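Worksheet: one structure, shown below.
Predicted, not measured: the structure shown is a model, and the values here were computed from it. Letters A, B, ... mirror the listed sequences (proteins, then strands); counts begin at 1.
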Protein chains: 4
Amino acid sequence: MILAAGRGMLEGRWAGEAEPAALAERCRVLLAHRGDASGLAFAQEILSAYEGFSESDRIAFFKILSTDFAIHPDAVLQAADRYRQQPALETVTALRKSLDPPFKKLFRRLNAVPGGTKAIVRIREELLTFTSAHPELSWLEADLRQLLIEWFNRGFLVLDRIDWNSPASVLERIIEYEAVHEINGWEDLHNRLRRDRRCFAFFHMTIPGDPLIFLQVALTNGIARSVAPLLAADREVIDPYAADTAVFYSISNCHLGLQGISFGHFLIKQVVEVLRQDLGNIRQFATLSPMPGFRWWVESVPLDDLPAPTGSDLRIVRERPVNTENDDPQVYGLAVQDALMRLAAHYLIEAKRKDAQPLDSVARFHLANGASVDRISWGADVSDAGVGRSWGIMVNYIYEPKDIEKNHETYFQTGEIAISNRVRKLIKAR
Amino acid sequence: MILAAGRGMLEGRWAGEAEPAALAERCRVLLAHRGDASGLAFAQEILSAYEGFSESDRIAFFKILSTDFAIHPDAVLQAADRYRQQPALETVTALRKSLDPPFKKLFRRLNAVPGGTKAIVRIREELLTFTSAHPELSWLEADLRQLLIEWFNRGFLVLDRIDWNSPASVLERIIEYEAVHEINGWEDLHNRLRRDRRCFAFFHMTIPGDPLIFLQVALTNGIARSVAPLLAADREVIDPYAADTAVFYSISNCHLGLQGISFGHFLIKQVVEVLRQDLGNIRQFATLSPMPGFRWWVESVPLDDLPAPTGSDLRIVRERPVNTENDDPQVYGLAVQDALMRLAAHYLIEAKRKDAQPLDSVARFHLANGASVDRISWGADVSDAGVGRSWGIMVNYIYEPKDIEKNHETYFQTGEIAISNRVRKLIKAR
Amino acid sequence: MILAAGRGMLEGRWAGEAEPAALAERCRVLLAHRGDASGLAFAQEILSAYEGFSESDRIAFFKILSTDFAIHPDAVLQAADRYRQQPALETVTALRKSLDPPFKKLFRRLNAVPGGTKAIVRIREELLTFTSAHPELSWLEADLRQLLIEWFNRGFLVLDRIDWNSPASVLERIIEYEAVHEINGWEDLHNRLRRDRRCFAFFHMTIPGDPLIFLQVALTNGIARSVAPLLAADREVIDPYAADTAVFYSISNCHLGLQGISFGHFLIKQVVEVLRQDLGNIRQFATLSPMPGFRWWVESVPLDDLPAPTGSDLRIVRERPVNTENDDPQVYGLAVQDALMRLAAHYLIEAKRKDAQPLDSVARFHLANGASVDRISWGADVSDAGVGRSWGIMVNYIYEPKDIEKNHETYFQTGEIAISNRVRKLIKAR
Amino acid sequence: MILAAGRGMLEGRWAGEAEPAALAERCRVLLAHRGDASGLAFAQEILSAYEGFSESDRIAFFKILSTDFAIHPDAVLQAADRYRQQPALETVTALRKSLDPPFKKLFRRLNAVPGGTKAIVRIREELLTFTSAHPELSWLEADLRQLLIEWFNRGFLVLDRIDWNSPASVLERIIEYEAVHEINGWEDLHNRLRRDRRCFAFFHMTIPGDPLIFLQVALTNGIARSVAPLLAADREVIDPYAADTAVFYSISNCHLGLQGISFGHFLIKQVVEVLRQDLGNIRQFATLSPMPGFRWWVESVPLDDLPAPTGSDLRIVRERPVNTENDDPQVYGLAVQDALMRLAAHYLIEAKRKDAQPLDSVARFHLANGASVDRISWGADVSDAGVGRSWGIMVNYIYEPKDIEKNHETYFQTGEIAISNRVRKLIKAR
């Protein structure tokens, strides 16, 4: 009776003082039994014991799993050989099975526990931080990623509106998770949830009350070109049924453990649909977006990498007097400002990664979604973060429902980016 | 621009008159795009077009998918070779990817549609019926099964109680799905949902209002030995807080498309837990179960396969005068009845499959769950179905919380079945 | 310690065997204490004991209450005198208080019990049946009515849609309460709840799951002239978004205990609003209504009461050969049919009560609401009930949103009834 | 057509610029029609116009109502005479009707509007503030009070738990309404809603999201004697299932407009019941209560009103050196402290109003509910408010479920107050 034996062996140390090897042993016991009587309680205990672990114990635990709960290369190769000899459903099934490690089975079992899915997302978050120092844990992380891709299929996400009637425990998380424009406490949050604002989030059905990703929207008249008026505590609240524009001014992923499992494009597109249905008066959908890598690029790109006129702009920027006190955009000279704006257009539209996609991560996201670049604005985010990212420059992308598909196609087929005449002039201005 | 081209090409035939090849082409278009603007609408159209297909069109459609959306053996073998040369995470990931066919990706995309999960379950149900005549479709069926195993992880199931306050649309399905003891309309259902009855079901979060499996429980004093008094329209309703026993008298799977993805043992065990919490007065948990294969076994087992005394019983039964009119259990002679009872005990406890598990499917289910065999009863289900299955003989299995784990262990370690003295006597009586 | 004393005194008989006098004594004890510790339990016991009473005990109990829990005429007269001497707020408050009997206070206390409001509605229903034989109980009934008017203020009613997803326990009540066109079981009900049907009900917040009044609506193309096609089991279900008409074909009050507290006009008008919002395609709102008093009127009105041409019609009808077998409308001769139609128009439009309102109760209801009379149809309800009420004749009233207010005004100011040309011709035809 | 006329007349001024007389005229129009088509919209407009009024317009409006929508003394007297001549149900009904002013009917109609009940509660709040300067408005206030008593019957209140999962919009109100120990923002609130705290509120069904009264409870080990440790930001959170005591440390009424309609005793008793059911480990229920009138009494009671020893205590207190800077309880000499404690005991237990009930309002509340006085504590609330009320002295009342009824009885029958020996000694100590 393995289970009872296992229990006896561990009994003394259990309840918070398990050590990594003993916990791995318990995982083995769990896997040896199918959904048995105490299966859920058992899985719960494993998660609890893990919670009690120090970081070093967690790493030690995962190292055991990465050897003892891994696939067996010999088994894989044998299965591959058998498939080679006879490529039938039985042999392919066996080959797949040989590639499905006990680690994945373990997490399928742990997922059954109430709160299990969330615990597993957190575990992947930890694994992601461990892998640089412990690359052998990447195997586990890759397995978890596969499971999470299936479990967080779009069909299992629920769109929900967040407003001032949402539970405080949810709103507290919005404050915590906001990644683009920090929320300074409850009054600031309340201001962002007034009747001319919308906030939508995806939730997963087994992680109630904890959003996966959320999008903040300002209903405005005309496209907002800078962020401060949107967030001002004393801004005038307008009638949402009289607004003509929806400005997506912040989108935040909430869980590092879901990295690489993308929800953002689904969210933006569904929010466009919801707003079109609820507010017939909204005629344009735009973002007010940061250029997170711009300043870093300006400060690090080799001059030689750039075509001549852009290189001149870069030189102008690099030669501006160092201002040690602050980076107040008001203090730049006009020449520097013009140069930065042209550089920004170049960075957004023409600076590419090796895979020919734009260097800027936010640009990659919106352009792949089918948005176009409408305007680049000076002095748009003069917060420390905004100046630090891009000297306060921000971008409006436009989601024009009738063009989204065409833009998306063109972008993926030809790499061409849809831009407004206004932005085109900035590029030609060089 | 593949998408627009695809659309143009199909445009004329769309809206209900797609043919299999055109639909497969659309599936290819869908896969060529990531969650694009019209992705959901596109996926919805594919499911709708499929709904409009005749059976032969469906089969033709799947045949195309089974060739065009399958894995490529060459790619698999090359990936296997690379893994053989260097068994690293990259090569194993590539090998796995080569085994993940476009068909699976397609269904991940279709699952995003509201109602998609349910549609996919139905599609698997159809594939299961097609595979005998079209074995090449087994490949698709196997892929769907893998997806459904992940998507129907225990963590995503919700236990809910069904009672007379449940929506009529749900109750209608209970009437339809009941597999063991047919429900004869709304009055009969109401009778089974009175305050001394419980009905619990698992639901999946994306299939609201449609149970996956449900369990019917009668709260009684003492273990019910036969089914008629439990279902009688004029039975006396008792105080649930005065009952001492919970009798699980029917468990029904609702969707053929979920065949092989087992929920039953989770359901029974969670119901035991719920009842223990809600009704402290319940002291024993028992089933009243059919022996679905008994009569077939008696009528087909070769005499030589049986040990001597059991063989004698079998001869007695086989020699009883043929009763063409009915199989009223009242008309069997006592000798025949005794022989049948002993044969039933033998069939349950000692008749095994090649894998050494019991021949009877219901016995396999309950014994694997950790139940014990408490009693075999004559005249317990005198309905046509009951007599047809087992001359009306039924079995009580016992779920004794403190023994479940031990029984389960013993059963899997040694194959030994926990039985009561009463049943032991039946076996020794031979 | 009155309470303890009271308890001691009653203790022996309690739990189902209280007698009327003892129960009245308990009511007195309850009133002697303000919301004390055991107040709710105490009130609950009183209601339970009452439930256990036979009808004669109930009457005896109410008779005690009607003397012991009534106002004191002397106190009223003294308070009136004081008010006469000094008509101040204090004296008017004292006068009102003298008119507020302990019986009302008792029911305010009983209402606090979960389920209390519903129990009180049932008690009023009983009182209404008792008052003809026991007119002294009218005093109690009048007090209850006053309480119920406050408690069932329109602001406390909740409109809810009833459909096939409603709880079976609610639908069961719809079957039971339907007063106009009997519902023959669950299949018939399901047929009335298909997607081209609507059913709306008012609920009270303390009586969940038990409607107060409900309205059945058929979405159709054109106004239905007869009831059978609406209810036919094999009728064609149409697309609700393609219908142009909403036909209110049945409105049923559910609780006799709420008699005289009218909800119907609120319900019809709110349903019109809801349908206009949800289904922009609906362009007309009509009823298909019975004439419940028509046949009785034709058979009992003195000939001399009628103007000459109508008197002729009446004579034609009264002289038609007696058909003992049935009243199949097909068998009337055309002359009789014409006469009946003209009589129906006269009955609806011109036959009045002493207070100058229409004789027909359904006409009074719809006309006061602002509806107009659109059409009178032969053979519209050939059920036994329909023939019994009005030889199968039914009426379409029209609720034209833009005319409702004007019609309502004219009706109450001048008594004039809005009618269509079609109906006008019927009247002039005489 | 009164309505249309009315509309025409007002049309020009409507939408925010109605004047009192015009609004009163509209009220008259509303009353002239029964639940007609536009009734709800009409009532809504009246409430909106009122919202737009200045205070002086509101007073002017109510003055018109108080004459034009009042009862008619002559009609009352005539009805009283008729009742005198023949005291029958008809005459008593007529008399009651003569006492039911149009003002009440008006508010019954306004209550039907969504949000109407809440608006009416606010209107009564205003009337209460107006009556001192405009005593003739007391008539209206008295009528509203009668309506609100019926509408806020205990049966229509819903007990709900408030916690960190409650909507932020509800929690915001808790912060605003807290009357005893001010809540300093969201962090302080969160601290009061941790797992060893409970907060329960009554809601009315038509005022969702806005509590009527709420009670804050600390789960502790032993009875808390002072308030600071309960509210400390860095307090240790304990396991609620290991606590033995529930301390009711704050109860706040939320709406001045519901003054005189008492919910508090229902709330405390139901919370005791709920906690007994949920947390079997709680063995005692105590309050930590202020003595709101103590300091005022000490500073204003005439020396001669007190018995000799208490008078000495009072002299000691009055002679203490004036401390203009603060009233830090630490700086009182021990003699003053002892004198204050004895005076507190006298004030609580022996100082009475003319109606022989305790002078202290909080004492009246808890003692009438059946609580006993357990302890009087020095330095229990050293906030400015606490020192201002009672030099920081607080009281623990005990709700012992088995004594509540007896205490309540004794208190009302004999005026005797249940006190602990500890408190008895304080009184005897003089």
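- When the candidates A/R154, A/E273, A/M205, A/Q270 are compared by the number of heavy-atom contacts under 4.5 Å with chain B, A/M205 comes out ahead.
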For residues 131-148 of chain B, tabulate all N or O donor-acceptor pairs below 3.5 Å that involve a side-chain atom, not counting sequence neighbours.
residue	atom	partner	partner atom	Å
B/T131	OG1	B/L128	O	3.1
B/H134	ND1	B/K63	NZ	3.1
B/S138	OG	B/P135	O	2.9
B/E141	OE2	B/R124	NE	2.8
B/E141	OE2	B/R124	NH2	2.9
B/D143	OD1	A/R96	NH1	3.1
B/D143	OD1	A/R96	NH2	3.1
B/R145	NH2	B/G260	O	3.4

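- In this pair, B/F156 and A/F156 present their aromatic rings tilted. The plane angle is within the 30 to 60° band.
- Your options are B/T93, B/L95, B/D100, and the one with the most heavy-atom pairs under 4.5 Å with chain A is B/L95.
- With a 4.5 angstrom heavy-atom cutoff, A/N153 touches chain B only via side-chain atoms.
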Identify all side-chain donor-acceptor contacts of residues 70-89 of chain B below 3.5 Å with residues at least two apart in sequence or on another chain.
residue	atom	partner	partner atom	Å
B/D81	OD1	A/R84	NH2	2.6
B/R84	NH2	A/D81	OD1	2.6

